[in-house]
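Structure first, then comments.
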Number of protein chains: 2
Amino acid sequence: MTTQQTEGVARPAGRPRSEKAEKAIIDAALDLLGEGIGVPELSIEAIAARAGVGKTTIYRRWSNKEDLVVDALASLKPPIPPLHGASVRDDLVTYLRVVGEESRHMRTRCIMNIAMSAWERHPRLAERFQAIAIEPRKAALRAVLQRGTENGELRSDLDIEMAMAILSGAMLWRTKWSGENAQLPGDLPEQIVDEALRGFRPR
Amino acid sequence: MTTQQTEGVARPAGRPRSEKAEKAIIDAALDLLGEGIGVPELSIEAIAARAGVGKTTIYRRWSNKEDLVVDALASLKPPIPPLHGASVRDDLVTYLRVVGEESRHMRTRCIMNIAMSAWERHPRLAERFQAIAIEPRKAALRAVLQRGTENGELRSDLDIEMAMAILSGAMLWRTKWSGENAQLPGDLPEQIVDEALRGFRPR
DNA sequence: ACATTATGAAACGATACTGTTGCGTATCGA
DNA sequence: TCGATACGCAACAGTATCGTTTCATAATGT
């Protein structure tokens with residue numbers, strides 16, 4: 001017998017790495033990013049300090065700052081509400097309402113900003129974020145629209161990707177370019193969905 | 001006689017400030033921002049070097065880096081094509097086509113990223129950019145839609161701000177979350193406009 | 001000519017972060 | 001108990017930028 005192997009992988013000798021430290025590091029990074037610190041100015045020192053951890057502990061796990069940020073963003077899972085409501089309209093409103101609610105948090109806004117700006121200089125990061133955080137949402141939205149085209153609530157020839165762009169894009173546009181101070185109307189999701197559905201419904 | 005006053009303002013004694021230097025500084029700043037340098041990491045030294053100018057010359061004119069960036073972004077005027085085409089549809093397609101064409105330039109994308117991220121930490125900058133670069137576009141788009149509601153091409157009860165959000169938002173969404181590598185279809189503007197107009201046209 | 005202000009270049013001390021190293025301690029398997 | 005590895009902490013030299021200052025020179029008005 002060499003080692004008691006509960007798992008298939010040989011456990012290396014010595015003290016194992018602390019999962020708590022790892023989590024603290026990622027949380028600290030997300031905290032800082034969520035406060036508006038950009039990726040380039042995000043310093044390992046600040047992360048270590050915030051996490052109550054030595055820099056060594058960080059460098060031992062990630063060689064790049066970008067790798068760390070990628071792992072941090074990948075740990076984010078978007079909240080997707082159950083979308084099996086009475087109608088496509090209800091589901092779309094529910095979906096946009098959650099998106100709008102989320103975008104009222106500083107943290108979400110900052111991280112979205114980072115992700116949207118990342119394509120130019122951190123494509124790996126953007127790609128990963130897209131896969132982890134955006135795609136699941138798009139899939140949920142796509143399923144709702146797909147269902148609509150199948151049960152007759154929506155036009156059968158509706159371009160679903162286009163419909164998604166219209167719904168999500170309108171929401172994004174309003175939350176981005178409406179002054180940020182200017183309070184968005186509480187029924188914005190309903191307004192968007194109702195306007196969009198005019199074109200989505202069968203003749 | 002105190003001074004030859006071609007203008008109403010008294011010209012101060014001594015060597016006048018070089019307009020060429022001022023322009024070079026702003027151009028250098030825009031260049032760097034357009035290459036993906038973010039505001040926080042944009043260094044005065046880099047600007048001075050790029051502009052072929054002493055740091056003194058910069059500090060003499062702007063006390064903040066933010067002030068400089070604000071002036072730099074304010075010097076940008078968006079290209080707005082003449083929108084008096086045969087139909088509302090044509091004008092909308094023309095408009096979105098220009099937007100799409102612009103967004104294929106690294107420089108435009110980077111500066112848009114900065115502007116969109118600026119609300120959180122540089123609200124003055126965002127506000128200024130909105131007034132200088134966004135509002136004129138919105139006004140042009142609004143005029144087209146307004147005309148449509150008046151001449152019967154569009155529903156008379158169309159919510160114009162919402163329609164703008166749908167059109168611009170759909171375009172923004174597609175250019176932002178489509179992988180950046182994935183080439184957007186050449187007729188994307190037509191697709192967006194045609195889908196949107198389904199709901200905008202009178203019953 | 002002379003006063004005045006701006007210019008580009010260079011150097012300054014101060015601050016912050018980098019990535020690495022050494023230290024003493026803690027936690028694991030054998 | 002012992003070897004091995006991770007931990008938090010502190011210090012290191014190296015680099016970059018900050019905002020300021022000094023300098024010789026250039027450009028303007030009187």
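Letters go in sequence order (proteins before strands), and every chain restarts at 1. Since the model is a prediction, treat every value here as computed from it, not as a measurement.
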Q | Gap between atoms CD1 and C1', on B:Ile58 and C:dA6 respectively (whole Å) | A | 14 Å

Q: Figure out the CG/P separation between B:Asp67 and D:dG19, and round it to whole Å.
A: 12 Å

Q | Whole angstrom value for the distance that separates P of D:dA6 from NZ of A:Lys20 | A | 18 Å

Q) Is the backbone N or O of A:Ile114 less than 3.5 Å from a side-chain atom of A:Ser117, with the two atoms forming a donor-acceptor pair by type? A) no

Q) Touch check for B:Thr56, heavy atoms < 4.0 angstrom, all strands: base, sugar-phosphate only, or nothing? A) base

Q.
Side chain of A:Ser18, heavy atoms from C-beta onward: which of C:dG19, D:dC7, D:dG19 has the nearest atom to it?
A. D:dC7

Q.
From C-beta outward on A:Val53, which listed nucleotide comes closest to its side chain: C:dG19, D:dG8, D:dA27?
A. D:dG8

(Q) With side-chain contact (heavy atoms from CB on, under 4.5 Å) as the criterion, how do B:Phe200 and B:Glu153 come out once you've worked through the C-alpha distance, each side chain's angles and the decisive distance to 0.1 Å? (A) CA-CA 9 Å; B:Phe200 296 172; B:Glu153 287 186 76; over 6 Å; no

**Q.** Heavy atoms of other groups near A:Glu19 CD, more than 12 under 6.0 Å
**A.** no

Q) D:dA6 phosphate, OP1 or OP2: any side-chain N/O from A:Arg17 under 4.0 angstrom? A) yes

**Q.** Selected nucleotide, minimal atom distance to A:Ser43 side chain, candidates D:dG8, D:dT28, C:dC17
**A.** C:dC17

**Q.** Integer-rounded Å distance: D:dA6 P and A:Ile25 CD1
**A.** 13 Å

**Q.** Nearest-nucleotide comparison on DNA chain C, the residue closer to the 5′ end among B:Ala13 and B:Ala51
**A.** B:Ala13

Q) Between B:Trp62 (CH2) and D:dG19 (P), how many Å, whole number? A) 15 Å

**Q.** Carboxylate-amine/guanidinium contact B:Glu127 B:Arg124, below 4.0 Å
**A.** no

Q. Starting at CD of A:Glu41 and ending at C1' of C:dT15, how long is that distance when rounded to a whole Å?
A. 16 Å

Q: When you get a sec, tell me which of D:dC18, C:dG8, C:dT20 is the closest nucleotide to the side chain of A:Lys55?
A: C:dT20

Q) When you measure from the side chain of B:Arg15, which nucleotide among C:dT20, D:dA27, C:dA26 comes out closest? A) D:dA27

(Q) I need the CD1-P distance between A:Ile37 and C:dC17, as an integer number of Å. (A) 10 Å

Q) Closest nucleotide of DNA chain C for B:Gly14 versus for B:Arg61: which of these residues is on the 5' side? A) B:Gly14

**Q.** D:dC7 OP1/OP2 closer than 4.0 Å to side-chain N/O of A:Arg60
**A.** yes

Q: Let me know the distance between CD of B:Glu45 and C1' of D:dT15, rounded to the nearest Å.
A: 12 Å

Q.
Is it the case that the side chain of B:Arg155 and the backbone of B:Gly199 share a donor-acceptor pair, with hydrogens and angles ignored and the cut-off at 3.5 Å?
A. yes

